[in-house]
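Here's the structure we're looking at; comments come further down.
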Amino acid sequence: MVQLSILDLVRVRQGSGPRDALDNARDLAAHAEEWGYRRFWVAEHHNMQGIASAATSVVIAHVAAGSRHIRVGAGGIMLPNHAPMIIAEQFGTLAQLFPGRIDLGLGRAPGTDQNTMRALRRSLTNSDHFPNDVVELQAYLGDAEPGQTLFAVPATGTNVPLWILGSSTYGAQLAAALGLPYAFASHFAPADLIPALELYRARFQPSAQLARPYAMAGINVIAAETDEEARHLATTQQMSVADIFRGARGLSQPPIDDIETYWSPMEKAQAARFLSRSVVGSPQTVRAGIEAFVAETLVDEVMIVSDVFDHQKRLASYRMIADSVPHAADWEKSAA
């Protein structure tokens with residue numbers, strides 16, 4: 001059975017602030033583990049007023065402290081923004097605080113604009129070093145070697161599981177070569193989903209971390225009692241995507257009755273491509289959509305983004321999704 005997991009964008013919403021977004025993320029994770037979700041990830045974004053997860057490792061600590069057993073991690077850390085040793089120290093510390101619960105997904109994109117890249121002291125050439133940086137980071141998290149003199153304290157021996165993230169075939173090739181699990185960002189960049197998964201599986205080389213390919217893919221899912229209500233809730237995400245193409249990344253907005261009044265025909269077409277891997281509707285619609293997605297992609301795990309403005313309705317959406325779709329946690333409970 002497929003595993004269900006959550007990618008939380010830690011949205012800052014109109015009428016609230018970053019602390020509300022952070023506490024809502026923590027609250028969602030606490031509920032999600034009771035509903036059988038496998039993991040809860042947040043991502044590194046910078047210079048975006050509507051996303052509160054820039055200090056990703058700090059957010060992970062906040063979320064993990066408010067839950068008991070769900071895996072919490074980064075989906076992902078944009079490694080070219082950082083020295084591998086610094087990330088090893090951060091995630092090694094998280095692993096010491098929350099043993100057996102921390103994931104580290106790695107991406108090579110900047111997660112921001114060029115002005116912010118300069119503020120981060122990042123060079124465009126940093127991405128060229130991504131494969132070597134992944135290997136270096138993995139070494140810091142692994143067991144100490146004879147004669148080793150450089151340690152990322154307290155990361156040594158924590159063996160925090162690494163994931164390679166991607167939205168193209170580049171990440172698929174790297175994950176396969178290193179024998180790491182692979183997560184595809186089809187919730188916003190769906191074009192290369194199937195080719196990337198096929199390439200990853202075809203070229204996978206077993207490693208100490210992973211014996212066989214393990215793939216996860218993102219999908220936007222919004223559930224409500226009726227298809228009509230779910231489509232209404234989905235206008236929040238549709239407006240956010242339209243704003244991206246306008247270069248205006250502001251706060252999350254409440255849903256509106258008629259999305260056609262918000263965007264132009266070109267923005268609508270752009271958003272349709274961006275959000276093509278989406279399931280919006282009643283529990284019956286959601287179940288059929290997710291099952292079709294899994295049948296097409298053959299992924300081991302589905303990472304769900306349910307970008308709903310109101311926190312209580314977002315909780316309800318994730319609860320309906322878990323109740324509607326048979327997933328691995330259900331099987332594990334029934335077998336116990």
Are [X] and [Y] close enough that some pair of their side-chain heavy atoms sits under 4.5 Å apart?
| X | Y | value |
| --- | --- | --- |
| Ser5 | Trp41 | no |
| Arg249 | Gln49 | no |
| Ser252 | Val12 | no |
| Phe130 | Tyr170 | yes |
| Gln173 | Leu199 | yes |
| Met320 | Arg287 | no |
| Phe293 | Val302 | yes |
| Asp133 | Arg108 | no |

Could you check whether [X] pairs with [Y] (Lys NZ or Arg NE/NH1/NH2 to Asp/Glu carboxylate O, under 4.0 Å)?
| X | Y | value |
| --- | --- | --- |
| Asp323 | Arg319 | yes |
| Arg26 | Asp8 | no |
| Arg11 | Asp307 | yes |
| Glu34 | Arg68 | yes |

For the atom pair [atom1] ([X]) and [atom2] ([Y]), what is the distance rounded to the nearest 0.5 Å?
| X | Y | atom1 | atom2 | result |
| --- | --- | --- | --- | --- |
| Ser67 | His31 | OG | NE2 | 12.0 Å |
| Ile256 | Thr235 | CD1 | OG1 | 5.5 Å |
| Asp243 | Leu251 | CG | CG | 10.5 Å |
| His45 | Asn47 | NE2 | CG | 12.0 Å |
| Thr297 | Leu193 | OG1 | CG | 6.5 Å |
| Arg277 | Phe184 | CZ | CZ | 9.0 Å |

In the single-linkage hydrophobic clustering (I, L, V, M, F, W, Y; side-chain heavy atoms under 4.5 Å), do [X] and [Y] co-cluster?
| X | Y | answer |
| --- | --- | --- |
| Phe40 | Val160 | yes |
| Val280 | Leu4 | no |
| Met239 | Val221 | no |
| Phe309 | Ile304 | no |
| Leu97 | Phe91 | yes |

task: Before giving the answer on side-chain contact (heavy atoms from CB on, under 4.5 Å), spell out for Leu233 and Arg314 the whole-Å C-alpha distance, their side-chain angles and the decisive distance to 0.1 Å.
output: CA-CA 9 Å; Leu233 295 177; Arg314 184 169 66 135; over 6 Å; no
task: Please check if any side-chain donor atom of Asp192 sits under 3.5 Å from a side-chain acceptor atom of Thr169, or the reverse.
output: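 There is no such pair (donor and acceptor under 3.5 Å, judged by atom type) between the side chains of Asp192 and Thr169.
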query: With a 3.5 Å cut-off and no angle check, do the side chains of Tyr37 and Glu33 form a donor-acceptor pair?
result: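 Glu33 and Tyr37 do not have a side-chain donor-acceptor pair below 3.5 Å.
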Minimum heavy-atom distance [X]-[Y], with the two atoms named:
| X | Y | result |
| --- | --- | --- |
| Ser53 | Val42 | CB-CB, 4.4 Å |
| Glu44 | Asn81 | OE2-ND2, 2.8 Å |
| Arg71 | Ile102 | NH2-O, 3.0 Å |
| Tyr318 | Ser306 | OH-N, 2.9 Å |
| Leu315 | Trp35 | O-CH2, 3.4 Å |
| Gln96 | Thr158 | NE2-CG2, 3.6 Å |

- prompt: Just one of Leu104, Leu178, Asp103 clears the side chain to side chain contact (heavy atoms under 4.5 Å, CB included) bar with Leu162, so which one?
  reply: Leu104
- prompt: Could you walk me through whether Val305 and Ile219 pass the side-chain contact (heavy atoms from CB on, under 4.5 Å) check?
  reply: CA-CA 6 Å; Val305 178; Ile219 184 172; over 6 Å; no
message: Can you classify the ring geometry of Phe188 versus Phe274 as parallel (below 30°), tilted (30 to 60°) or perpendicular (above 60°)?
response: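 Ring orientation, 0 to 90° scale: tilted.
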- prompt: Aromatic rings Tyr200 and Tyr182: how do their planes relate, parallel, tilted or perpendicular, breaks at 30° and 60°?
  reply: tilted
statement: Those residues at least two apart in sequence (or on a different chain) that pass side-chain contact (heavy atoms from CB on, under 4.5 Å) with Ser167 are Ala185, Ala189
Side chain of [X], backbone of [Y]: donor and acceptor closer than 3.5 Å?
| X | Y | result |
| --- | --- | --- |
| Glu267 | Ser264 | yes |
| Asp23 | Asp20 | no |
| Gln90 | Ile87 | no |
| Thr236 | Gln253 | yes |

message: Please evaluate residues Asn159 and Leu141 with respect to the criterion side-chain contact (heavy atoms from CB on, under 4.5 Å), reporting the C-alpha separation (whole Å), side-chain torsions for both, the decisive distance (0.1 Å), and the verdict.
response: CA-CA 5 Å; Asn159 292 296; Leu141 296 166; 5.6 Å; no
- request: Assess whether atom CD of Glu228 is packed by more than 12 heavy atoms of other residues, nucleotides or ligands within 6.0 Å.
  value: no
query: Does CD in Gln14 sit with more than 12 non-hydrogen atoms of other residues, nucleotides or ligands closer than 6.0 Å?
result: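 Check passes, neighbour count above 12.
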message: With a 6.0 Å cut-off on the ring centroids, do Trp163 and Tyr214 count as close?
response: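 Yes: the rings meet the under 6.0 Å criterion.
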message: Quick check on side-chain hydrogen bond (donor to acceptor under 3.5 Å, both in side chains): which of Arg38, Arg39, His327, Gln3 does Glu301 satisfy it with?
response: Arg39
query: Is the cationic atom of Arg212 (NZ for Lys, CZ for Arg) positioned less than 6.0 Å from the six-membered ring centroid of Phe204 and within 45 degrees of its normal?
result: no
task: Check step by step if side-chain contact (heavy atoms from CB on, under 4.5 Å) holds for Val279 and Ile222.
output: CA-CA 7 Å; Val279 179; Ile222 294 177; over 6 Å; no
